[in-house]
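One structure below.
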Amino acid sequence: MNYDVAIAGCGPSGAFCAKLLAEKGFKVVVFEEHEKIGLPKHCSGLIHPRIEDITDISFEEAIENEIRGAHILFRDEELFLHAESCKSLVLERSVVDKIIAEEAEAAGAHIRLGEKANRFERKNDGISVNGITCRVLIGADGIRSEVANSFGLKEKGEIIRGMQCNARYKPGEKENVEVYFGRDVAPGFFAWVIPVAEDRCRIGLGVNEGSASAYLKKLLKKLDAEPDEIFGGGIPIGLRRKSYADRVMLVGDSAMQVKPISGGGVNISLKCAKICAEVASKALEKDAMDEKSLSEYQKLWRKEFEREIRFGIIARRLIYSLNENELRRIFNAPDEELLNKISMYGDIDYPSRIAEPLIADVLAEPQRYINSRYLSLATLMPQVIRAILG
Ligand SMILES: Cc1cc2nc3c(=O)[nH]c(=O)nc-3n(C[C@H](O)[C@H](O)[C@H](O)COP(=O)(O)OP(=O)(O)OC[C@H]3O[C@@H](n4cnc5c(N)ncnc54)[C@H](O)[C@@H]3O)c2cc1C
């Protein structure tokens, strides 16, 4: 049987693309290498509530907790951010994936579980995937994308190795996440404690050197937390140069559609999946699936996210280039008023949006910032310039 669209991978981006394209009346097949949707787990499920607006799907069934603030720690320094409203949901990711996949099936997509898409062949009228011909192939197959590798779209980016567990651990506050910085805790990234219930948390970290599981073991010992399920995965960091080829599109982690500061990729993947389905649908209708027609996809998703990804790459470079004293200065600078502003405007999906209200604040009340704590940050200017130049 031939299909209009074949999708490799039934994570959130693949399943959502499948749903949108099947709703438009296209014949869609999705290959998922695992027997069960959403398993094995590899995500903390900390996701901004706008996931429901992006998808127009209710995730009520997957909600475990609501987060309003963060307790950020670096050795003995700490910062508290707290908002009145819910800043993030804690969702059970396997349930999120299942809900989206069920929507895709209900719309008419055919999901082939337990089948890895790995035999690709270009034909005159399309691409053969494991012997099934499609007019367009979408690679939603995650960080080690077979589709990217098979169609000349392999690109090198930084990969953060993530490892986490569900653990018996009483959080400080059920509505606050804890974030730990420091080379001894999580080199090149950070560690997190996400409350799921009164006495349960997801505890994890990312590293760019050393063994993630050894660092996790150390953190669990320090927190005196008792782990049960341990799971992990890679987080791709970078801005992809090319996410399309003749009849081929990449979406989600395979296209590095991930926020470099937090490593979060679910909402951005879903938004890009919407753009991907829109461009694929127009191309299929016009029967124009050539590279030039599909390049529109990259133009559109970059228009939405390039600024955030570039901002995140620079911010990461800056944070992880600072030495202990410089990091301490950053922790000591903000006063309560500034922290309240950050809490109010901070958005895990769009971290750069904090910049505008903060700059406006400095311009409106420059005298408030002319004190030794803020002025000490001026000495970090060379590092900032280095981070911007790359
Ligand atoms: C430790 C960790 C914690 C994270 N925490 C968060 C978080 O709190 N919030 C957040 O927003 N993001 C988080 N992320 C990132 C998030 O998990 C990803 O960005 C997101 O899952 C991307 O979705 P996707 O659909 O592109 O890929 P995936 O979710 O990776 O789905 C890819 C699917 O494709 C399947 N597959 C792969 N290859 C093939 C093939 N050849 N054929 C068939 N099937 C294939 C896989 O089995 C999988 O089901 C975290 C990541 C890690 C590693």
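In listed order, ligands and their atoms are each counted from 1. Just so it is clear, the structure is predicted and the values come from calculations on it, not from any experiment. For the numbers below, each heavy atom of this structure counts, side chains included, while hydrogens, waters and symmetry mates do not.
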Do we see a donor-acceptor contact under 3.5 Å between the side chains of [X] and [Y]?
X      : Y      : result
Glu173 : His71  : no
Asp290 : Ser293 : yes
Ser243 : Gln298 : yes
Asn166 : Asp228 : no
Ser94  : Glu92  : yes

Under 4.0 Å to a heavy atom of [X] - the qualifying atoms of ligand 1, by number:
X      : value
Lys116 : 40 (C), 41 (N), 42 (N), 43 (C)
Ala117 : 40 (C), 41 (N), 42 (N), 43 (C)
Glu115 : 43 (C)
Gly234 : 53 (C)
Ala140 : 32 (C), 33 (C), 34 (O)
Gly252 : 26 (O)
Phe31  : 43 (C), 44 (N)
Arg93  : 16 (C), 17 (O), 20 (C), 21 (O), 29 (O)

Under 4.0 Å, counting heavy atoms only: does [X] come that close to any atom of ligand 1?
X      : value
Gln257 : no
Gly232 : no
Asn118 : no
Gly204 : no

Cationic N near anionic O, under 4.0 Å, [X] to [Y]:
X      : Y      : value
Lys274 : Glu278 : no
Lys259 : Glu308 : no
Glu304 : Lys271 : yes
Arg75  : Glu324 : yes

Qualifying residue, where the test is side-chain contact (heavy atoms from CB on, under 4.5 Å) with Cys165 and the options are Cys201, Pro227, Ser213: Pro227
[X] to ligand 1: N or O pair under 3.5 Å?
X      : value
Ser254 : no
Met163 : no
Asp253 : yes

At under 4.0 Å between heavy atoms, is it the side chain or the backbone of [X] that contacts ligand 1, or both, or neither?
X      : value
His34  : side chain
Glu32  : both
Ser13  : both
Ile235 : side chain

For atom 30 (O) of ligand 1, which protein heavy atom lies nearest, and how many Å away is it? His42 NE2, 3.4 Å
Tell me, which protein residue and heavy-atom name are nearest atom 44 (N) of ligand 1, and how many Å apart are they? Glu33 N, 3.1 Å
Using a 4.5 Å cut-off between side-chain heavy atoms of Ile, Leu, Val, Met, Phe, Trp and Tyr, which other residues end up in the same hydrophobic cluster as Phe80? none
Heavy-atom proximity to atom 6 (C) of ligand 1, picking from Cys43, Pro12, Gly233, Ala273, points to Cys43
For atom 8 (O) of ligand 1, tell me which residue out of Asn130, Leu46, Ile51, Val129 has the closest non-hydrogen atom. Leu46
Does the plane of the ring in Phe181 sit parallel, tilted or perpendicular to the ring in Phe331? Use 30° and 60° as the thresholds. perpendicular
Hey, can you tell me if Trp301 and Tyr297 have their rings parallel, tilted or perpendicular (30° and 60° cut-offs)? tilted
So, using side chain to side chain donor-acceptor pair (under 3.5 Å) as the criterion, who are the partners of Arg183 when residues are at least two apart? Glu209
